Amino acid sequence: MKISFLLQNAYGIGGTIRSTFNVASALATRHDVEIVSIHRTGGTPKLPLNRKVKLVHLIDTRAETGADRDNALLQQDSALIPPVEAKGAHFSALTDKRVAEHLARTDADVVIATRPGLVMYLAEFGTDAYLKIGQEHRIYGTHEPNIRAAQDLAIPKLDAHTAVSEADAATHREQFPGVKTKLIALPNGVPPSEVEPSDGSAKLVVAAGRLIPVKRYDLLVKAWATVAAARPDWKLRIYGRGPQQAKLREQIDKLGLGEHIRLMGPHSPIETEWAKGSIAAVTSREESFGMTIVEAMNCGVPVVATDCPHGPGEIITDGHDGLLVTNLDSDAIAKGLLKLIEDDELRRTMGKNALVSAERYQPDAIARRYEDLIESLGGDIGRAPATAKAATGTAPAPAPRKPAPVPLVRKLRRTAGRLIRPLRRSVAKPATPAVKAAIKEIVRKPLRCTASCRVDADGNIVVSVDRKGLSGERLSLTVTRRKEGKPISVPLKAAADGKGPYTAVLDRRELRLGEGRWDLHVVRGDDGARRRVVSHLAEGRGLVELEPLDGAPFTWWVPYPTVDGFLALRAWYRDAHAEARAVRQGNNALTVEGTLHGTEFTPGGTPTLVATPRIEAAKPVTAEVTVIDKDTFRISLSYEDLIAARGGDENTIWDLALRLAPDAKPVKVARLVGDIVDRNKTDIYPVVGGIRPYFTVNSDLAVSCPAPEGA
């Protein structure tokens, strides 16, 4: 059977795209599956897709290379799609034309439309040559009125229409009494996670999703003020981007929660970040389904979610694999979070239960429910007919349906294949061993290196390279510091069973990687072939609460995927290091609390903080260091002293370092410990008292005194 999904744009990272890719990939193991992307805006999809799924597009608007980017019809309004939907999905007169043409000529047996505008197109231009199924990924009553009205006219023209929750499917049935269209619930498919699941020990709560009003992250931030007061050792991370980011940043600063909440920005794949947390938080006003809930549960993380319409209550079993709290109530959110924070055993038990509960949303399970739906509509899905059980009294199995007629073009292709394939086989002559060896010597397979990495209990980085892209002997993994070109080689070891990935261990006790960014390559010893490693999963869960090794020098590594998808390593290497564990902005002074590594305070010494300006017009500033024990300190830097030392009306920046003795080499104050590569993007502070602390691109701590307005 051929199943075709209509998708607005397969080159983004939204929830509808993700769920479509997941189910299409599962169906492709048994059927001919295609995804028809109305728009093409990129070279390759950003999300993983089974190679068996055929991806085609109708309109190519890629910058510089898109054949349709200058088409005049793109600027003309759609004659069919309501303006709000057309604007949001970039539907135009050109999409009207291309979609109508596609739906008239497709040879699919089933066409599935994945958003309101596509449902309207399918109802208007679809034919009786195939089954027509629409999807609703939101909640019935949440669409703009014109979209809702147009979709209401379209649904009765379909064979089936699905909602992602039982509650919303019931609403649809109430709204369409007596229609022949089958109205049922089919939740999104969410694949099991490949990452090492959370063990519930990290003092970290994670939230993820678009920063939009419906997600109500403002309630989560407000609730965290209560959580931080009771348990300041726990932190909150919010992943995602969106129009609410500036407001959330302002709210965090106003509540003084900059050291407790991090806005992390978008991250893909998100599963590596879920696994770092011990609790997930979902505080939406409404959730049609809740893919983030299932994603977190797949990583062994229990979810505290608002009991909003409709998804959370159907996914979470309250008190078993997560908690449901009162919707739109920040106090209830705080209470639910603190319940799991304070009870280690309950939290870990719920995490284990969450892993099991998430299995029912695996894509193959959802794909089979789609097959059941298609079969109930009269489609032939190619299942073997069930046989009647003897002597059981059960009714015999129904006769198998007559196969659907095969289009003439497909019959001709199959016939041609039956004729040509034997001819090809007869022409080809088996190569002798000598010929095979010669060919192997002349033409070597290119390396294709895709790897995942994980931080083990000792803090070492274990790199696992997919064996599918490797060939040859004497394979090794190299790490090379950028702009240096002197690789350090580590042997790649084959799996004992000959089937698993090749592995290499970067031992933090043995390797000395200089400070900077390091790229990973696989090198084949046979011919010196070298290929950069593509990142699959860069797991940093083991770094969240890892501590530096004792002694000197101080070293720290964080693996990460680059913006262009390669696996890389950020390394720090310092004779001594002062870790800024906490940065607090008071009314009159900046306080930094931290730990010393690679050296220690000497009894009777008088260490000082030195703030060194970057411009000659400014003056250095010093402050006393309070030594709490041999490796723990506290410093207080006066805003007044900094303002008095600035370079006139210029913006002035000071770099901070500890001087343990008058003639000692300064020890930079920085924030390096943990799993975050770029602290300058996540650890953000406001201007207080005319001074703003910040972390540089190297994660060193600095303070700035902005120039007065109008200077």
Side-chain angles (χ1 to χ4, degrees), residues 2-10 16-17 20 24 34-40 56-61 68 71-138 140-163 169 172-173 175-184 186 370 373-374 377-379 407:
K2 183 172 182 179
I3 302 171
S4 179
F5 289 86
L6 296 181
L7 198 58
Q8 186 260 340
N9 183 3
T16 299
I17 304 168
T20 300
E34 72 173 4
I35 292 176
V36 179
S37 181
I38 309 305
H39 295 284
R40 181 175 185 177
V56 298
H57 63 272
L58 303 184
I59 298 172
D60 190 345
T61 57
D68 301 303
N71 194 306
L73 291 178
L74 282 173
Q75 308 306 318
Q76 296 182 24
D77 293 340
S78 167
L80 178 66
I81 309 301
V84 174
E85 170 70 356
K87 182 179 180 181
H90 304 288
F91 290 153
S92 62
L94 185 59
T95 55
D96 290 357
K97 179 176 183 294
R98 296 280 174 85
V99 175
E101 292 170 349
H102 169 74
L103 291 175
R105 68 173 182 263
T106 181
D107 62 349
D109 300 299
V110 183
V111 177
I112 302 173
T114 60
R115 67 172 292 145
L118 298 177
V119 170
M120 298 169 204
Y121 278 138
L122 184 58
E124 181 69 18
F125 301 128
T127 75
D128 292 334
Y130 44 80
L131 295 174
K132 300 182 289 292
I133 300 175
Q135 290 180 345
E136 176 59 80
H137 285 271
R138 291 180 59 180
Y140 180 84
T142 61
H143 287 296
E144 187 266 343
N146 290 325
I147 297 176
R148 182 70 270 160
Q151 199 168 359
D152 285 353
L153 292 174
I155 288 173
K157 299 177 183 179
L158 305 178
D159 296 289
H161 191 65
T162 69
H172 277 76
R173 288 190 287 269
Q175 296 294 326
F176 299 95
V179 298
K180 293 182 180 179
T181 304
K182 193 161 191 173
L183 304 170
I184 67 168
L186 277 176
Y370 268 98
L373 171 62
I374 293 167
L377 297 172

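Bear in mind the structure is a predicted one, so any value in this text is a computation, not a measurement.
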Taking the side chain as every heavy atom from C-beta outward, state whether Met120 and Phe125 have any atom pair closer than 4.5 Å.
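Contact flag for Met120/Phe125 side chains = no.
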
Kindly indicate whether the side chain of Lys2, heavy atoms from C-beta on, has any atom under 4.5 Å from the side chain of Asp107.
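Yes, their side chains come closer than 4.5 Å.
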
Are Glu124 and Leu80 close enough that some pair of their side-chain heavy atoms sits under 4.5 Å apart?
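Sidechains of Leu80 and Glu124: in contact.
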
With the side chain counted from C-beta on, respond yes when Thr181 and Phe176 share a heavy-atom pair under 4.5 Å apart, and no when they do not.
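A side-chain contact under 4.5 Å is absent here.
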
So, for Glu144 and Val84, which heavy atoms are closest and what is the spacing to 0.1 Å?
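Heavy atoms only, the tightest pair is CD-CG2, 3.8 Å.
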
Using 30° and 60° as the class boundaries, would you call the ring planes of Phe91 and His39 parallel, tilted or perpendicular?
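Ring orientation of Phe91 relative to His39: parallel.
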
Just checking, any donor-acceptor pair under 3.5 angstrom between side chains of Tyr130 and Ser4?
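Side-chain D/A pair, Tyr130 to Ser4: absent.
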
Donor-acceptor side-chain pairing of Ser92 and Gln76 below 3.5 angstrom:
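Note: Ser92 and Gln76 side chains miss the donor-acceptor criterion.
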
Euclidean distance, Gln151 CD relative to Leu118 CG, rounded to 0.5 Å
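If we round to the nearest 0.5 Å, Leu118:CG and Gln151:CD are 10.5 Å apart.
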
Sidechain N-carboxylate O distance under 4.0 Å for Asp68, Arg98:
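Between Arg98 and Asp68 there is a salt bridge, with a charged N closer than 4.0 Å to a carboxylate O.
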
Passing option when Ile133 is tested against Leu373, Ile3, Val111, Leu158 for side chain to side chain contact (heavy atoms under 4.5 Å, CB included):
Leu373

For Arg173 against Leu183, the heavy-atom pair lying closest together:
NH1-O, 2.8 Å

All pairs passing salt bridge (charged side-chain N to carboxylate O under 4.0 Å, His left out) where residues 145-160 contributes a residue, at least two apart:
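Only Glu136-Arg148, Arg148-Asp152 qualify under salt bridge (charged side-chain N to carboxylate O under 4.0 Å, His left out).
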
Are any non-hydrogen side-chain atoms of His137 and Arg115 less than 4.5 angstrom apart?
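His137 does not reach Arg115 side chain to side chain.
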
If you define the side chain from C-beta out and look only at heavy atoms, does anything of Leu58 sit under 4.5 Å from Val99?
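Counting from C-beta outward, Leu58 and Val99 do come under 4.5 Å.
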
If I compare all heavy atoms of Val119 with all of Ala113, which pair ends up nearest, and what's the gap?
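Closest approach of Val119 to Ala113: N-CB, 3.6 Å.
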
Quick one: closest heavy-atom pair of Asn9 and Ser37, and the distance?
CA-OG, 3.5 Å

Kindly give the heavy-atom pair with the smallest separation between Ile147 and Pro116, and that separation in Å.
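That closest heavy-atom pairing would be CG2-CB, 3.8 Å.
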
Using modelled atom types only, decide if a donor and an acceptor are shared between the side chain of Lys132 and the backbone of Thr127 within a distance under 3.5 Å.
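Confirmed, Lys132 side chain pairs with Thr127 backbone.
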
Any heavy-atom pair between the side chains of Arg138 and His143 that's under 4.5 Å?
yes

Heavy-atom side-chain contact between Val56 and Ile35 under 4.5 Å
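SC-SC contact between Val56 and Ile35 ruled out.
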
Can you tell me how far OG1 of Thr95 sits from CD1 of Ile81, rounded to the nearest 0.5 angstrom?
7.0 Å

Output, in order, the C-alpha distance, side-chain angles, deciding distance and verdict of side-chain contact (heavy atoms from CB on, under 4.5 Å) for Tyr140 and Gln175.
CA-CA 9 Å; Tyr140 180 84; Gln175 296 294 326; 3.5 Å; yes

side-chain contact (heavy atoms from CB on, under 4.5 Å) between Thr61 and Arg40, worked out:
CA-CA 6 Å; Thr61 57; Arg40 181 175 185 177; over 6 Å; no

Quick one: do His90 and Ile59 satisfy side-chain contact (heavy atoms from CB on, under 4.5 Å)? Show the steps, please.
CA-CA 11 Å; His90 304 288; Ile59 298 172; over 6 Å; no

My understanding is that only residues two or more places apart in sequence, or in another chain, count here; which of them pass salt bridge (charged side-chain N to carboxylate O under 4.0 Å, His left out) with Asp96?
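Residues passing salt bridge (charged side-chain N to carboxylate O under 4.0 Å, His left out) with Asp96: none at all.
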
Determine whether a donor-acceptor pair (N or O, by modelled atom type, separation under 3.5 Å) exists between the side chain of Thr106 and the backbone of His102.
no

Closest heavy-atom contact between Asn146 and Pro82?
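So the two residues come closest at O-CG, 3.6 Å.
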
Who passes salt bridge (charged side-chain N to carboxylate O under 4.0 Å, His left out) against Asp77, sequence neighbours left out?
none

Run Thr162 and Ile112 through side-chain contact (heavy atoms from CB on, under 4.5 Å) and show every step you take.
CA-CA 10 Å; Thr162 69; Ile112 302 173; over 6 Å; no

